[in-house]
Amino acid sequence: MKTLFFFAFSLILYSQFSFTQSANLDPQEVKALKEIGEKLGLVGKKKWDFDKDPCSAQGGWEEYIFCDCSFESNTTCHVTQILISSQNISTSLPTEFTKLPYLQLLDLSRNYLRGTIPPEWATMRLSNL
Ligand SMILES: *[C@@H]1O[C@H](CO)[C@@H](O)[C@H](O)[C@H]1NC(C)=O
Ligand SMILES: *[C@@H]1O[C@H](CO)[C@@H](O)[C@H](O)[C@H]1NC(C)=O
């Protein structure tokens, strides 16, 4: 009886563990996103809320950020798309976008961007801009 109880208890613990375990964005990219968000004035509630993981598709992130979470046995995510059109962004473009090596699509349409595309961006391999 005791063993059975222990077995059932372990099973509950195990299922909770596997349920709560999810993939998170690479910490380097979280840092880069914070820097980008600060520069573009996008950090805050209802916008980029770093209380939630940017790849969680929750808390508003699902509107802005898309990730590939298949890295390291589905535990690590990398940002692949950033969609920030019509956000009234009127700053110049942060060079920190180059710190997102897996970024493929960046949608900045319908903003009021100033300046030119930073030369550092030449290092990026964006397939869509
Ligand atoms: C990762 O997730 C995909 C889709 O859910 C699955 O097919 C694959 O087997 C998983 N890979 C590992 C290593 O867990
Ligand atoms: C952009 O600015 C306009 C006018 O100030 C405002 O009505 C609109 O809600 C803003 N949009 C966003 C996404 O902040």
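One-based numbering, in listed order, for ligands and for the atoms of each. These numbers come from the heavy atoms of this one structure, side chains and all, not from hydrogens, waters or symmetry mates. What you are looking at is a predicted structure, and each value in this text was computed from that prediction instead of being measured.
- Within a 4.0 Å radius of atom 14 (O) of ligand 1, the protein has at least one heavy atom.
- The only member of Asp107, Ile36, Leu42 that meets side chain to side chain contact (heavy atoms under 4.5 Å, CB included) when paired with Ile84 is Leu42.
- Residue Gln28 places its CD atom among 12 or fewer non-hydrogen atoms of other residues, nucleotides or ligands, all under 6.0 Å distant.
- Salt bridge annotation for Lys31-Glu35: present, with a cationic side-chain nitrogen under 4.0 angstrom from a carboxylate oxygen.
- Atom 4 (C) of ligand 1 has Asn74 ND2, 4.6 Å as its closest protein atom, hydrogens excluded (heavy atom only).
- Checking atom 2 (O) of ligand 1 against the protein gives a heavy-atom contact under 4.0 Å.
- Using bins of under 30°, 30° to 60° and over 60° for the plane-to-plane angle, the ring pair Tyr102/His78 lands in the parallel bin.
- Close contacts between ligand 1 and Ser73 involve ligand atoms 13 (C) [criterion: under 4.0 Å to a heavy atom].
- Inter-residue side-chain proximity for Val30 and Asn24 is flagged as unmet; no heavy-atom pair is nearer than 4.5 Å.
- For atom 9 (O) of ligand 1, no protein heavy-atom neighbour is found at a distance under 4.0 Å.
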